[in-house]
There are 2 protein chains.
Amino acid sequence: MIMKYSRQRAAILSFLQTRKDHPTAEVVYSHVKEEYPNISLGTVYRNLTQLADNGMILRLSFGELGIDHFDADTSPHHHFVCSACSSVIDLQLKEMPFIDEEAGKNFDGMIQGHNIYFHGLCKCCLEKSPIQLNKCDIKCENLND
Amino acid sequence: MIMKYSRQRAAILSFLQTRKDHPTAEVVYSHVKEEYPNISLGTVYRNLTQLADNGMILRLSFGELGIDHFDADTSPHHHFVCSACSSVIDLQLKEMPFIDEEAGKNFDGMIQGHNIYFHGLCKCCLEKSPIQLNKCDIKCENLND
DNA sequence: ATAATAACAGTAATCATTACTGATTTAGTT
DNA sequence: AACTAAATCAGTAATGATTACTGTTATTAT
């Protein structure tokens with residue numbers, strides 16, 4: 001379908017572009033709401049889906065189970081997900097151009113690409129004591145909110 | 001918490017072990033129901049979570065958006081997700097032992113591991129015409145159900 | 001300006017998953 | 001074999017992210 005301009009979509013995209021973390025739809029909503037107090041959460045979801053379908057942003061479907069994150073940086077890079085606080089952090093890695101071909105050798109279909117998700121503990125969570133790590137209400141503040 | 005034996009959990013695990021595809025909780029439920037007609041869907045979810053927490057199976061949180069898949073094969077391997085039919089297929093790949101160390105060079109936290117998800121079209125979907133691919137009610141049959 | 005239609009706000013519905021409850025099963029101990 | 005504590009169960013209600021619906025508004029081409 002043809003994409004007609006809308007102020008709301010522009011605001012959503014431009015907000016995403018200011019962020020190095022990977023906000024959820026809810027976070028996008030709460031921030032864009034400051035500029036457009038009447039914006040609807042459904043509008044945010046619809047536009048995030050639309051932007052992702054058109055390759056202008058990435059939808060990251062992992063991290064906290066069942067909560068999508070969005071990334072305006074579409075250049076090739078990978079992601080780290082903290083198993084304690086669920087923060088999603090960019091991770092540069094030298095290119096592995098042959099990995100898709102390599103994988104294709106044992107595979108009958110067509111491989112178009114891949115994503116690598118690293119997991120472990122982010123810097124902030126590493127510095128917490130084990131007791132703090134078990135308390136689920138202590139959230140990492142390494143991401144500007 | 002201590003794991004006490006239960007027939008239901010044993011049936012769930014042994015069903016998963018017969019499968020090379022990666023069933024959802026709903027698929028597990030519908031099959032284990034044949035042996036235990038009274039089993040509850042909640043019981044399936046609870047035991048899948050428990051088995052995954054104890055490292056006896058893997059929870060795969062990607063594929064169809066928001067639907068988890070489960071895998072009784074815990075040996076190191078990767079996965080392919082068909083972007084047309086959402087089938088999840090095993091994919092062997094030569095080991096890349098240094099990838100975590102490599103990624104850690106530009107990262108402040110602790111990297112404990114990674115997952116690689118390939119995407120593209122599976123063999124079955126490759127053989128469909130583009131028109132068929134657009135019809136969402138045509139499902140691939142490459143997985144024994 | 002007009003008309004066609006994409007997009008909106010607001011709200012209801014969907015659907016995978018989790019939580020709750022009182023009854024049952026397991027497993028260790030007499 | 002009976003006893004007890006705790007894990008597990010079946011059944012059901014609740015949760016929460018996301019999507020669909022509806023009547024109205026904004027955008028864009030003519």
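Chain identifiers are assigned alphabetically (A, B, ...) following the order of the sequence lines, protein sequences preceding nucleic acid strands; residue numbering begins at 1 within each chain. Bear in mind the structure is a predicted one, so any value in this text is a computation, not a measurement.
- Distances were taken from every side-chain heavy atom of B:Ile39 (C-beta onward) to each of D:dA10, C:dT26, C:dA7; the shortest belongs to D:dA10.
- The nearest whole Å value for the distance from the CG atom in A:Asp68 to the P atom in C:dA16 is 15 Å.
- Rounded to a whole Å, the CG atom of A:Asn38 is 10 Å from the C1' atom of C:dG10.
- Straight-line distance from the CD1 atom of B:Ile67 to the P atom of D:dG16: 20 Å, rounded to whole Å.
- Atom CG in B:Leu48 sits roughly 10 Å away from atom P in C:dT17 (whole-Å rounding).
- Between B:Phe70 and A:Gly42, the one whose closest nucleotide on DNA chain C sits nearer the 5' end is A:Gly42.
- Taking side-chain N and O atoms only, A:Arg46 has a distance below 4.0 Å to OP1 or OP2 of C:dC8.
- Of the two residues contacting DNA chain D, namely B:Ile2 and B:Pro37, the nearest-nucleotide position lying further toward the 5' end is that of B:Ile2.
- Below 30°, between 30° and 60°, or above 60°: for B:Phe62 and B:Tyr117 the angle between ring planes is below 30°, a parallel geometry.
- Between B:Leu51 atom CG and D:dT8 atom C1' the separation is 13 Å, expressed in whole Å.
- Applying the side-chain contact (heavy atoms from CB on, under 4.5 Å) test to B:Ala72 and every residue at least two apart in sequence or in another chain returns B:Leu16, B:Gln17, B:Ile57.
- DNA chain D is contacted by B:Ser6, B:Gln8, B:Arg9 of residues 6-16 of chain B, taking any non-hydrogen atom closer than 4.0 Å.
- Applying the side chain to side chain donor-acceptor pair (under 3.5 Å) test to residues at least two apart or on different chains, the pairs with a partner in residues 103-112 of chain B are B:Glu102-B:Lys105.
- Residue B:Glu26 is the one, among B:Glu26 and B:Met3, whose nearest nucleotide of DNA chain C lies closer to the 5' end (criterion: closest heavy atom).
- In terms of polar N and O atoms assigned as donor or acceptor, the side chain of A:Lys4 comes within less than 3.5 Å of the base of C:dT5 in a complementary pairing.
- Each of A:Tyr45 and B:Leu41 was assigned the nucleotide of DNA chain D with the nearest heavy atom; the assignment lying further toward the 5' end belongs to B:Leu41.
- Between D:dT8 and B:Gln50, a contact under 4.0 Å exists linking OP1 or OP2 to a side-chain N or O.
- Atom-to-atom distance recorded for B:Phe70:CZ and B:Asp21:CG is 13.5 Å, nearest 0.5 angstrom.
- Put simply, CG on A:Asp53 is 12 Å from P on C:dA7, counting in whole angstrom units.
- Per the geometry, CZ belonging to A:Arg59 stands 11 Å off C1' belonging to D:dA17, to the nearest Å.
- Atom CG of residue A:Leu51 and atom CZ of residue A:Arg9 lie 6.5 Å apart, to the nearest 0.5 angstrom.
- B:Asn47 has a side-chain polar atom (N or O) that falls below the 4.0 Å cut-off from OP1 or OP2 of D:dC9.
- Counting all heavy atoms, side chain and backbone alike, B:His79 lies closest to B:Asp71 at NE2-OD2, 3.1 Å.
- Of the side-chain N and O atoms in A:Thr43, one or more sit less than 4.0 angstrom from OP1 or OP2 of C:dA9.
- Between the CG atom in A:Asp53 and the CD atom in A:Gln50 there is a gap of 8.0 Å [rounded to 0.5 Å].
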